[in-house]
Participant: 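Provided herewith is a single structure, encoded as structure tokens, for subsequent inquiry.
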Number of protein chains: 2
Amino acid sequence: MRNCCDMRGFLSFIVLKLICKRNMSGEDIRQELKKRKGSKPSPGTVYPVLKALSESGFIQEVKNGAKEKKYKITKKGKNELKAATRKFCMIFYDMKDEFQKRC
Amino acid sequence: MRNCCDMRGFLSFIVLKLICKRNMSGEDIRQELKKRKGSKPSPGTVYPVLKALSESGFIQEVKNGAKEKKYKITKKGKNELKAATRKFCMIFYDMKDEFQKRC
DNA sequence: GCTTTTATATCGGATATGCGATATTGAAAA
DNA sequence: TTTTCAATATCGCATATCCGATATAAAAGC
């Protein structure tokens with residue numbers, strides 16, 4: 001997640017955040033993003049992100065015998081997410097109020 | 001702000017949000033982003049965004065006689081911001097908690 | 001065993017973003 | 001008036017993103 005929070009490409013950030021909450025597969029992630037965004041990201045969008053996160057050591061495959069690969073976040077990934085979250089909150093500082101209004 | 005919240009390019013979103021809070025110039029915005037991000041975005045980053053927002057009718061130049069151009073948000077810009085904010089909150093739903101922890 | 005379906009993987013390409021460099025403008029200072 | 005400086009403006013470019021298409025693989029159903 002080299003350039004996370006450089007103002008473009010928050011996808012890997014979100015994906016890492018999602019996997020942090022619970023182990024997820026590529027399909028799980030596509031589903032979840034469909035719920036949030038309205039549109040389901042294409043396979044060519046999601047899988048390369050998973051690969052990159054995996055190669056960076058931020059997530060790790062959980063073997064469950066099935067075709068579907070679930071990923072879990074690693075220690076390293078948690079640290080990365082923490083740092084990215086800090087940045088995110090600084091950048092989108094104002095959004096705090098919006099969330100409060102809404103939730 | 002055609003593609004706001006398509007997961008890349010949140011800069012125009014932030015800029016619109018900032019200008020909504022108070023009238024700002026390009027320099028003001030660069031300063032504010034430096035505070036938040038750590039690095040000051042280059043002129044080539046900020047001014048084209050202002051131009052685009054202006055051409056879309058989301059912001060409007062405020063004549064103050066000075067060299068510095070202040071922009072204010074327009075009615076149309078407010079609507080756009082509102083819609084974008086709604087999307088933002090849906091996508092980054094989880095971040096609500098983070099903000100609460102932090103602020 | 002064969003077909004269908006579902007999930008994963010990869011590749012090429014279009015796109016827009018953000019930067020650096022440079023030019024221009026206008027105000028203030030000298 | 002000229003110089004200096006700060007803010008704005010524009011241009012070309014490298015880059016990463018995300019998509020669509022396609023391929024592979026594995027499970028399920030028949």
Side-chain angles (χ1 to χ4, degrees), chain A residues 1-19 23-34 36-56 58-72 84 87 91, chain B residues 1-16 18-19 23-34 36-56 58-72 84 87 91-92:
Chain A
M1 198 165 42
R2 192 148 41 108
N3 277 326
C4 172
C5 294
D6 77 333
M7 207 80 10
R8 92 181 130 168
F10 280 87
L11 183 55
S12 48
F13 174 66
I14 296 180
V15 168
L16 194 54
K17 178 82 185 168
L18 289 177
I19 292 178
N23 295 358
M24 288 181 108
S25 67
E27 258 307 294
D28 292 337
I29 288 163
R30 292 182 68 206
Q31 297 283 342
E32 180 63 31
L33 288 176
K34 179 174 171 47
R36 301 196 182 198
K37 285 213 323 163
S39 63
K40 193 170 176 177
S42 94
T45 298
V46 168
Y47 293 103
V49 167
L50 287 173
K51 194 184 176 198
L53 287 174
S54 184
E55 279 170 359
S56 299
F58 297 148
I59 62 176
Q60 196 173 16
E61 205 176 317
V62 177
K63 45 213 152 300
N64 61 339
K67 172 177 54 163
E68 207 188 39
K69 283 187 190 172
K70 296 267 186 188
Y71 287 93
K72 70 168 184 180
K87 278 195 200 173
I91 293 174
Chain B
M1 197 161 44
R2 190 149 42 109
N3 277 326
C4 172
C5 293
D6 75 337
M7 207 82 7
R8 91 179 131 169
F10 280 87
L11 183 55
S12 47
F13 174 66
I14 297 181
V15 167
L16 194 54
L18 289 177
I19 293 178
N23 295 359
M24 287 180 109
S25 67
E27 258 308 292
D28 292 337
I29 287 163
R30 293 182 67 207
Q31 297 283 340
E32 180 63 31
L33 287 176
K34 179 175 171 46
R36 300 195 183 198
K37 286 214 320 162
S39 63
K40 193 170 175 177
S42 93
T45 298
V46 169
Y47 293 104
V49 167
L50 288 173
K51 193 185 176 194
L53 287 174
S54 183
E55 279 170 359
S56 298
F58 297 148
I59 61 175
Q60 196 173 19
E61 207 176 316
V62 177
K63 43 211 153 305
N64 61 342
K67 172 177 49 163
E68 207 189 38
K69 282 188 190 171
K70 297 268 187 187
Y71 287 92
K72 70 168 183 180
K87 278 196 200 173
I91 293 174
F92 292 105

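Remember, it's a predicted structure, so these values are computed and weren't measured experimentally. Chain identifiers are assigned alphabetically (A, B, ...) following the order of the sequence lines, protein sequences preceding nucleic acid strands; residue numbering begins at 1 within each chain.
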Participant: According to salt bridge (charged side-chain N to carboxylate O under 4.0 Å, His left out), who are the partners of A/K70, at least two apart in sequence or on a separate chain?
Facilitator: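 Here the qualifying residues are A/D28, A/E68.
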Participant: Of all the choices, C/dC19, C/dT8, D/dA9, which nucleotide is nearest to the side chain of B/P41 once you look at every atom?
Facilitator: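 It is C/dC19.
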Participant: Within this structure, what is the CD-to-P distance between B/E27 and C/dG26, rounded to whole angstrom?
Facilitator: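 About 18 Å, once rounded to whole Å.
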Participant: What residues form a side chain to side chain contact (heavy atoms under 4.5 Å, CB included) with A/K40, not counting sequence neighbours?
Facilitator: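 In terms of side chain to side chain contact (heavy atoms under 4.5 Å, CB included), with neighbours along the sequence ignored, A/K40 is linked to A/E27, A/R30, A/Q31, A/K34.
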Participant: Check every atom of C/dT10, D/dA7, C/dA21 against the side chain of A/Y47 and return the nucleotide holding the closest atom.
Facilitator: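 Looking only at side-chain atoms, A/Y47 lies closest to C/dT10.
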Participant: In terms of side-chain heavy atoms of B/S42, which of C/dA9, C/dG20, D/dA7 is nearest?
Facilitator: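 Between C/dA9, C/dG20, D/dA7, the one nearest the side chain of B/S42 would be C/dG20.
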Participant: Picking from C/dT10, C/dG18, D/dT8, which would you name as closest to the side chain of B/T45?
Facilitator: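 Of the candidates, C/dG18 comes closest.
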Participant: Under the rule for side chain to side chain contact (heavy atoms under 4.5 Å, CB included), what residues qualify as partners of A/K17, not counting sequence neighbours?
Facilitator: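 A/K17: side chain to side chain contact (heavy atoms under 4.5 Å, CB included) contacts with A/L81, B/D94, B/M95, B/E98.
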Participant: Figure out the CZ/P separation between B/F10 and D/dT17, and round it to whole Å.
Facilitator: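 My rounded result for the distance is 13 Å.
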Participant: Quickly work out the B/E61 CD to D/dT8 P distance and round it to whole Å.
Facilitator: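 Roughly 10 Å, once rounded to whole Å.
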Participant: Picking from D/dT8, C/dA9, C/dA7, which would you name as closest to the side chain of A/E68?
Facilitator: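 Out of D/dT8, C/dA9, C/dA7, the nucleotide with an atom closest to A/E68's side chain is C/dA7.
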Participant: Looking at A/N23, A/V49, A/L16, which hits side chain to side chain contact (heavy atoms under 4.5 Å, CB included) with A/I59?
Facilitator: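 Only one of A/N23, A/V49, A/L16 forms a side chain to side chain contact (heavy atoms under 4.5 Å, CB included) with A/I59, namely A/L16.
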Participant: Output yes when at least one side-chain N/O atom of B/K51 is less than 4.0 Å from OP1 or OP2 of D/dT10, else no.
Facilitator: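 Answer is yes, contact under 4.0 Å.
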Participant: For the pair made of CD in B/E32 and C1' in D/dA7, what is the distance, rounded to whole Å?
Facilitator: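 Atom CD in B/E32 sits about 18 Å away from atom C1' in D/dA7.
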Participant: Does B/G26 reach a base, just sugar-phosphate, or nothing at all? Heavy atoms under 4.0 Å.
Facilitator: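 Sugar-phosphate contact only.
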Participant: Please report the distance, rounded to the nearest Å, between NZ in B/K70 and C1' in C/dG26.
Facilitator: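 B/K70 atom NZ is separated from C/dG26 atom C1' by 16 Å.
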Participant: Where do N or O atoms of nucleotides 3-5 of chain C meet protein N or O atoms at under 3.5 Å, pair by pair?
Facilitator:
none

Participant: Within this structure, what is the NZ-to-P distance between B/K40 and C/dG20, rounded to whole angstrom?
Facilitator: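 Taking NZ of B/K40 and P of C/dG20, I get 13 Å after rounding.
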Participant: Take the protein atom CD of B/Q31 and the nucleotide atom P of D/dA6, then report the distance between them rounded to whole Å.
Facilitator: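 The answer, rounded to whole Å, is 12 Å.
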Participant: In chain order, what residues pass the side chain to side chain contact (heavy atoms under 4.5 Å, CB included) check against A/S42, with sequence neighbours excluded?
Facilitator: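 Result, side chain to side chain contact (heavy atoms under 4.5 Å, CB included) vs A/S42: A/T45.
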Participant: A/F10 vs B/F10 aromatic rings, parallel, tilted or perpendicular, using cut-offs 30° and 60°?
Facilitator: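 The arrangement is perpendicular - the two ring planes meet at more than 60°.
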Participant: Please enumerate all residues that pass side chain to side chain contact (heavy atoms under 4.5 Å, CB included) together with A/Q60, with sequence neighbours excluded.
Facilitator: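 Applying side chain to side chain contact (heavy atoms under 4.5 Å, CB included) to A/Q60 gives A/K72, A/T74.
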Participant: Over how many whole Å does the gap from B/I59 atom CD1 to D/dT8 atom P extend?
Facilitator: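 In whole Å, D/dT8 P and B/I59 CD1 are 12 Å from each other.
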Participant: Compare the minimum distances between each of D/dA7, C/dT8, C/dG18 and the side chain of B/L11, then state the nucleotide with the smallest one.
Facilitator: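 Output: C/dG18.
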